[in-house]
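Have a look at the structure below before the remarks.
Everything numeric in this text was worked out from a predicted model, so none of it was measured.
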Amino acid sequence: MEIHLSRRTLLGLAAGVPVSAALAACGSSGPGTGGETTYWYLNGQPQEGVRAGAVDAFNKARPEEQIKDTTFQNDAYKTKIKTAIGAGRAPTIIWGWGGGTLRSYVKAGQVEDLTPWFDEHPEVKKRLLPSSFAAATVDGKIYAMPGETVQPIILYYNRKVFDQVGVEPPKSWDDIMALVPRFNAKGIAPFALGGQSRWTNMMWLEFLFDRIGGPEVFQAVIEGEKNAWSDPRAITALTKVQELVKADGFIKGFSSITADSNADQALLYTGRAAMMLHGAWSYGIQQARGGDFVPSGGLGYMNFPPVEGGKGDPGNTVGNPAQYLSLSSKADSDQKKTAKDFFARGVLQQEEVQKWIDNGSVPIRLGTEKLLAAAKNADFLQFTYDTATKAKEFGQSWDQALSPTAAETLLDNIVKLFQLSVSPQQFASNLNAVTGT
């Protein structure tokens, strides 16, 4: 999914503005003061340029309503926004991933209920993918404006390396395990992985839980059911991950590789790794950085294969259904008006939609089929669109679906699971302790 992406959305790209510079850019007065409408979001190209372009276009079209934007690297943003919101000094517009973090904002009364506004502006809701609203909704009310792109998690592979070794893409989990020794024998890592970034490991569990037990296994966690992580299907999924680690399925030293640096992406497009599980945003990174790898047809992609005997629908996906803009409840009336005007007239307008498509992304705006078909990345974009819209279940990235407290425990324990320092049973026990918090 994390696509934290994270969250994910940009973890793989966060290289642009130094954290110190980004923090300094906020100024001493702090956000949300003096009537200025402020907006914080993630940096890193190519996404940052699209976000900034949408703000610039709105500011030019509406000189009486100006938005001041400030960008942050992914992890710095998470810390800064949490502190600012807790202190009652949030920016007017809060960029995020919805889900559990949004729920925590709602419980604390820190974001505005946008349901009445959407009722007054039904045309705004009708132009967006229906699946984008689930992670924006808490207890039946909408607390965020969905925006940007849909980002399912995709299994990428290097076609040239597969041809070189003389093997076919995996059609099942057994195929994956059978490919591992074939690639290792040729000195090629079966899978790239930026394990230091933690959420990259999580994508494996998200798919294995779904493919083995179906979405209800993780849904039990979301609903706070006691001992949900100890479900036998969950233990099976956790065990299979460790079997892949023990078989040297991942690049050596994966725990010290970061997604921020795009080192995991480079392993794939340089042929040092054969496959990689990553978000739809990865396509744009490989296109921008991989030389002729993408244009020459070197990049293959597919949905995660089924697991033998598993109950999950192989068409299901996980990742980021959208990105989300919330409105600070502490903003004044003028700030709120400008923010809502931006939601209605500044988010996913034609120019922004085209920029996302040019970057190899699928915007969540409906009616873009002709634009997708005309794009240079048409095949990949159609694959992403079909994956997202035809999936019976689109599971939100776990670290976004859970509360911030539970998500942190999850990420810490996923690192230990991949390092083989906790057993599947210990992992389940540690997570059961925070389920429902």
Under the criterion salt bridge (charged side-chain N to carboxylate O under 4.0 Å, His left out), I'd like the reasoning laid out for K337 against D341: C-alpha separation, chi angles, the key distance, then a yes or no.
CA-CA 6 Å; K337 180 182 183 305; D341 284 346; 2.9 Å; yes
Which donor-acceptor pairs under 3.5 Å do side chains of residues 215-224 form with protein atoms, sequence neighbours excluded?
unit_1, atom_1, unit_2, atom_2, d
Q219, NE2, E223, OE2, 3.2

Would you give the length of the straight line joining atom [atom1] of [X] to atom [atom2] of [Y], rounded to the nearest 0.5 angstrom?
{"X": "L193", "Y": "L277", "atom1": "CG", "atom2": "CG", "result": "9.0 Å"}
{"X": "Y77", "Y": "T70", "atom1": "OH", "atom2": "OG1", "result": "10.5 Å"}
{"X": "L42", "Y": "E48", "atom1": "CG", "atom2": "CD", "result": "9.5 Å"}
{"X": "I285", "Y": "Q45", "atom1": "CD1", "atom2": "CD", "result": "11.5 Å"}
{"X": "T317", "Y": "I154", "atom1": "OG1", "atom2": "CD1", "result": "7.5 Å"}
{"X": "Q287", "Y": "F293", "atom1": "CD", "atom2": "CZ", "result": "12.0 Å"}

Between [Y] and [X], is there a side-chain donor-acceptor contact under 3.5 Å, judged purely by atom types and distance?
{"X": "T387", "Y": "T384", "result": "no"}
{"X": "N316", "Y": "E393", "result": "no"}
{"X": "Q265", "Y": "Y156", "result": "no"}
{"X": "Y269", "Y": "N158", "result": "no"}
{"X": "E36", "Y": "T38", "result": "no"}
{"X": "S296", "Y": "K160", "result": "yes"}
{"X": "K78", "Y": "N74", "result": "yes"}

Taking V161 as the fixed residue, which of L268, I188, T270 is the one that meets the side-chain contact (heavy atoms from CB on, under 4.5 Å) rule?
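Only match with V161 under side-chain contact (heavy atoms from CB on, under 4.5 Å): I188.
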Pairs involving residues 98-116, ordered by first then second residue, that meet salt bridge (charged side-chain N to carboxylate O under 4.0 Å, His left out) (sequence neighbours left out)
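Qualifying pairs: R103-D139, E112-K336, E112-K340.
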Sort and list the pairs that fulfil salt bridge (charged side-chain N to carboxylate O under 4.0 Å, His left out) and have at least one residue in residues 401-417, not counting sequence neighbours.
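Of all non-adjacent pairs touching residues 401-417, those that pass salt bridge (charged side-chain N to carboxylate O under 4.0 Å, His left out) are R198-E408, R198-D412.
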Looking at residues at least two apart in the chain, or sitting in another chain, which of them share a ring-ring contact (aromatic ring centres under 6.0 Å, His included) with [X]?
{"X": "W173", "value": "none"}
{"X": "F304", "value": "W204, F207"}
{"X": "F209", "value": "W229, W398"}
{"X": "Y301", "value": "F380, F383"}

Which pair of non-hydrogen atoms, one from [X] and one from [Y], has the smallest distance, and what is that distance?
{"X": "A136", "Y": "A144", "answer": "CB-O, 3.6 Å"}
{"X": "G98", "Y": "Y324", "answer": "N-CD1, 3.5 Å"}
{"X": "P404", "Y": "T101", "answer": "CG-OG1, 4.0 Å"}
{"X": "N201", "Y": "V415", "answer": "ND2-CA, 4.2 Å"}

Could you walk me through whether Q66 and T37 pass the side-chain contact (heavy atoms from CB on, under 4.5 Å) test, one step at a time?
CA-CA 7 Å; Q66 296 293 290; T37 302; over 6 Å; no
Stepwise side-chain contact (heavy atoms from CB on, under 4.5 Å) test for I81 and W40
CA-CA 8 Å; I81 196 71; W40 294 0; 3.6 Å; yes
W95/Y39 aromatic ring centres below 6.0 Å
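No, they do not, as the ring centres are separated by 6.0 Å or more.
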Is the distance from the ring center of F418 to that of F250 below 6.0 Å?
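Ring centres of F250 and F418 closer than 6.0 Å.
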When you measure from the side chain of [X] to the backbone N and O of [Y], does any donor-acceptor pair fall under 3.5 Å?
{"X": "S328", "Y": "K330", "result": "yes"}
{"X": "S172", "Y": "D175", "result": "yes"}
{"X": "S261", "Y": "I257", "result": "no"}
{"X": "T200", "Y": "S197", "result": "no"}
{"X": "D313", "Y": "G315", "result": "yes"}
{"X": "R365", "Y": "L128", "result": "no"}
{"X": "S326", "Y": "V111", "result": "no"}
{"X": "S397", "Y": "G319", "result": "yes"}
{"X": "T115", "Y": "I142", "result": "yes"}

Test side-chain contact (heavy atoms from CB on, under 4.5 Å) on I93 and I67 and set out the steps.
CA-CA 9 Å; I93 301 172; I67 295 174; 4.2 Å; yes
Is the shortest distance from a Lys or Arg side-chain nitrogen in R127 or E123 to a carboxylate oxygen in the other one below 4.0 Å?
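Salt bridge: no.
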Inspect the contact between E352 and R51 and indicate whether a charged nitrogen and a carboxylate oxygen are less than 4.0 angstrom apart.
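Judged by the 4.0 Å cut-off on N to carboxylate O distance, R51 and E352 do not form a salt bridge.
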Under the rule for side chain to side chain contact (heavy atoms under 4.5 Å, CB included), what residues qualify as partners of R159, not counting sequence neighbours?
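With neighbours one apart ignored, the set is Y157.
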Does A61 have any side chain to side chain contact (heavy atoms under 4.5 Å, CB included) partners at least two apart in sequence or in another chain, and if so, which?
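Side chain to side chain contact (heavy atoms under 4.5 Å, CB included) list for A61, sorted by chain: empty.
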Is there a side-chain contact between [X] and [Y], using heavy atoms and a 4.5 Å cut-off?
{"X": "K226", "Y": "T435", "result": "no"}
{"X": "L129", "Y": "L366", "result": "yes"}
{"X": "K376", "Y": "P295", "result": "no"}
{"X": "K171", "Y": "P305", "result": "no"}

Residues that [X] engages under side chain to side chain donor-acceptor pair (under 3.5 Å), provided they are two or more places apart:
{"X": "N430", "answer": "N413"}
{"X": "Q286", "answer": "S282"}
{"X": "Q354", "answer": "D358"}

Output, in order, the C-alpha distance, side-chain angles, deciding distance and verdict of side-chain contact (heavy atoms from CB on, under 4.5 Å) for I364 and S132.
CA-CA 7 Å; I364 63 162; S132 68; 3.9 Å; yes
Using the side-chain hydrogen bond (donor to acceptor under 3.5 Å, both in side chains) rule, take E369 and Y385 through it: C-alpha gap first, then chi angles, then the decisive distance, then the call.
CA-CA 9 Å; E369 289 86 348; Y385 186 85; 2.8 Å; yes
